[in-house]
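Scroll down for the structure; my scribbles are underneath it.
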Amino acid sequence: MQMGTNLPKVGTYNRAVVLEAVQASDGISRVQIAAVTGLTPQAVSVIVRRLLEDGLVVEDGSAPGAGGKPRTILRVDPAAGYALGIHFDPGEVSYVLADLAGRPLVKLHRPVRGAEPEPVVRTLARTARRLLKEAGVPDHKVLGVGLASPGPLDPDGVIVTPPRLPGWDGVPIRSLLERHVGYPVTVDNDATAAAIGERWAGLARAVPSFAYLYLGTGIGGGLFLDGQVYRGRTLNAAEFGHVTVMPDGPECYCGNRGCVEALCCPSAMVATVRERLALGAESVLRRGRLSHAALCAAAAAGDPLARSVAEQAADRLADAAVSVVNMLDVDLLVLGGPAVRELGGLYRDVIGRAVSTRVLARGLQAVRVEVSPIAADAAAIGAASLVFHVTYAPRLDRLVRECGGGPGGWPR
């Protein structure tokens, strides 16, 4: 039997649609909101009035309208709320305090000290509380804490057999952090968090469908389709790092061979340089002090060995990117993550050429390939944006569920 429509819930969804239209613009009028959302001018006027009363948007100047009548411009009020984003990577923790516009106000990077879950999470919480206190953000303005964590994660924020975090299997990281930090915690994997950050405050604010290729300690992905984040049935969609690009390549921890992560992640690139140095390759790099950062710097400076390894990684990433675009038919491919810091331009150029010449539908649409402007802090900014997204973004899954038509949701 079909369920009836719950009109109050639809009203809540429409409110989120209008707020998203304001957030995605650099100033927008009520008439423009009606045009881009399909809502009636009367409905937009009522919703905007409530958003103004709630302090989420402000009237900020005017622009010429039809017939010369000025139109009032609306913008999100950045000071309406704040979120603290934490990116927990096996080697480093990044913290970002962001306002409602997604602008990072405070950034902090700290090495991970220790390996036991409880002490590590206590340190995350203690640092987060200190940053909020030092920034002078009052409690009623803190919407929550977002955590970008290595995965896989289940819907309750429990880490499940993480390949790069030995000893963390079954750790309920969301509830553990929430208990210690004292604010509501929203958790997602780092790549999806980065994609949500790009949607909230980056290149993809007005892009309906895009894929995010995240290059960090490992290689992951995030995916938006028709304006909605897509996670898949088990919440593990967009694992672009496990696209096979060399069937007879090295084994990957996932069980396959020749995955793009097994070939192109920082540790794999460093291992390739070590092998070639052992075979007598000439380079400014030395095996004893070799790191991914040194490799990237050398490649950017034109070192032949480092450049060759970086270009090979870019070619394999491009192979995966072509498959992703062919499969999903997206408008935009965003490259981000800390491993993009030095080589973003190289990766963008190589992947861009591949997408423009090897994608089946290239004659119908040119897919943009861009490096995220927040690439190095993408997951931490994305973690803060998780809070805004869960609180304010128009989510069809939530609408269907609240109207009685779907199962429990994600993330929490």
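Values reported hereafter were calculated over all heavy atoms of this structure, with side chains retained and with hydrogens, waters and symmetry mates removed.
Under the 4.5 Å side-chain criterion, counting only non-hydrogen atoms from C-beta, P208 is in contact with D331. With contacts defined as side-chain heavy-atom distances shorter than 4.5 Å, the pair I159/S149 qualifies. Using a 4.5 Å heavy-atom cutoff, the side chains of Y347 and V371 are not in contact. Residues D26 and R75 are in side-chain contact: their nearest non-hydrogen atoms beyond the backbone lie under 4.5 Å apart. Counting only heavy atoms from C-beta outward, the side chains of L153 and R174 never approach each other to under 4.5 Å. By the 4.5 Å heavy-atom criterion applied to side chains, R199 and F210 are counted as neighbours. Side-chain contact between I173 and V121 is present, with heavy atoms from C-beta onward closer than 4.5 Å. Counting heavy atoms from C-beta outward, H109 and P338 have side chains that stay 4.5 Å or more apart.
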**Request:** Take L317 and I219 through the test side chain to side chain contact (heavy atoms under 4.5 Å, CB included) and record every step on the way to the result.
**Result:** CA-CA 10 Å; L317 287 167; I219 295 175; 4.1 Å; yes
**Item:** Test log, rule side chain to side chain contact (heavy atoms under 4.5 Å, CB included), inputs V350 and E311
**Value:** CA-CA 8 Å; V350 172; E311 288 174 346; 5.8 Å; no
**Check against salt bridge (Lys or Arg N to Asp or Glu O under 4.0 Å), R164 and D89** = CA-CA 9 Å; R164 298 183 183 277; D89 184 80; over 6 Å; no
**Request:** Give the intermediate values and the outcome of salt bridge (Lys or Arg N to Asp or Glu O under 4.0 Å) for residues E116 and R122.
**Result:** CA-CA 10 Å; E116 293 298 316; R122 280 202 304 267; over 6 Å; no
**Request:** Let me see the working for L97 and L131 under side chain to side chain contact (heavy atoms under 4.5 Å, CB included), right down to the final yes or no.
**Result:** CA-CA 8 Å; L97 175 63; L131 286 177; 5.9 Å; no
**Message:** Applying side chain to side chain contact (heavy atoms under 4.5 Å, CB included) to F240 and V260, what does each step give before you reach the verdict?
**Reply:** CA-CA 8 Å; F240 302 147; V260 68; 5.7 Å; no
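Atom CD of E134 has more than 12 heavy atoms from other residues, nucleotides or ligands within 6.0 Å. Counted within 6.0 Å of CZ on R50, heavy atoms from surrounding residues, nucleotides or ligands total 12 or fewer; the atom is thus considered open. Taking a 6.0 Å sphere around NZ of K141, one finds it holds more than 12 heavy atoms contributed by other residues, nucleotides or ligands. A 6.0 Å sphere centred on CZ of R358 holds more than 12 heavy atoms belonging to other residues, nucleotides or ligands. For CG of L279, the number of neighbouring non-hydrogen atoms (other residues, nucleotides, ligands) closer than 6.0 Å is greater than 12.
Smallest separation of non-hydrogen atoms from D99 and P78: CB-O, 3.1 Å. Contact record, V36 with A21: CG2-CB, 4.1 Å, taken as the closest heavy-atom pair. Taking every heavy atom of both residues into account, A383 and A193 meet most closely at N-CB, 4.0 Å. Closest heavy-atom contact between A191 and G220: CB-C, 3.8 Å. Between L165 and P150 the shortest heavy-atom distance is CD1-CG, 3.7 Å. Of all the heavy atoms in T217 and P266, the pair that sits closest is O-CD, 3.6 Å.
Distance alone, capped at 3.5 Å, is enough to place a donor-acceptor pair between the S25 side chain and the V22 backbone. Remark: the backbone N or O of I381 is not paired with any side-chain donor or acceptor of D377 at under 3.5 angstrom. A donor-acceptor pair is defined here as one N or O able to donate and one able to accept, closer than 3.5 Å; no such pair exists between the side chain of T161 and the backbone of D169. Looking only at distances, a side-chain donor or acceptor of N236 sits under 3.5 Å from a matching main-chain atom of T234. Between the D154 side chain and the D156 main chain, a donor and an acceptor come within less than 3.5 Å of each other. A donor-acceptor distance shorter than 3.5 angstrom exists from the side chain of S356 to the backbone of R353, with no hydrogens or angles considered. Using a distance-only test at 3.5 Å, with no hydrogens or angles considered, no donor-acceptor pair links the side chain of E198 to the main chain of A204.
Rounding to the nearest 0.5 angstrom, the gap separating the CG atom in L100 from the OH atom in Y392 is 6.0 Å. The CZ atom of R130 sits 6.0 Å away from the CG atom of L108 when rounded to the nearest 0.5 Å. If you take CG on L335 and CZ on R348, they are separated by 8.5 Å, rounding to the nearest 0.5 Å. Atom CZ of R113 is separated from atom OG1 of T123 by 9.5 Å, given to the nearest 0.5 angstrom. Residue I28 holds its CD1 atom at 8.0 Å from CD1 of I73, rounded to the nearest 0.5 Å. Taking CZ of R316 as the start and OG1 of T244 as the end, the distance is 12.5 Å to the nearest 0.5 Å.
A donor-acceptor contact closer than 3.5 angstrom links the side chains of R276 and S308. If you check the side chains of H292 and E342, you find no donor sitting under 3.5 Å from an acceptor.
Ring pair F88/W168 is tilted by interplanar angle, where 30° to 60° counts as tilted.
Here the options are L56, L74, L19, T72, the test is side chain to side chain contact (heavy atoms under 4.5 Å, CB included), and the partner is V48; only L74 passes.
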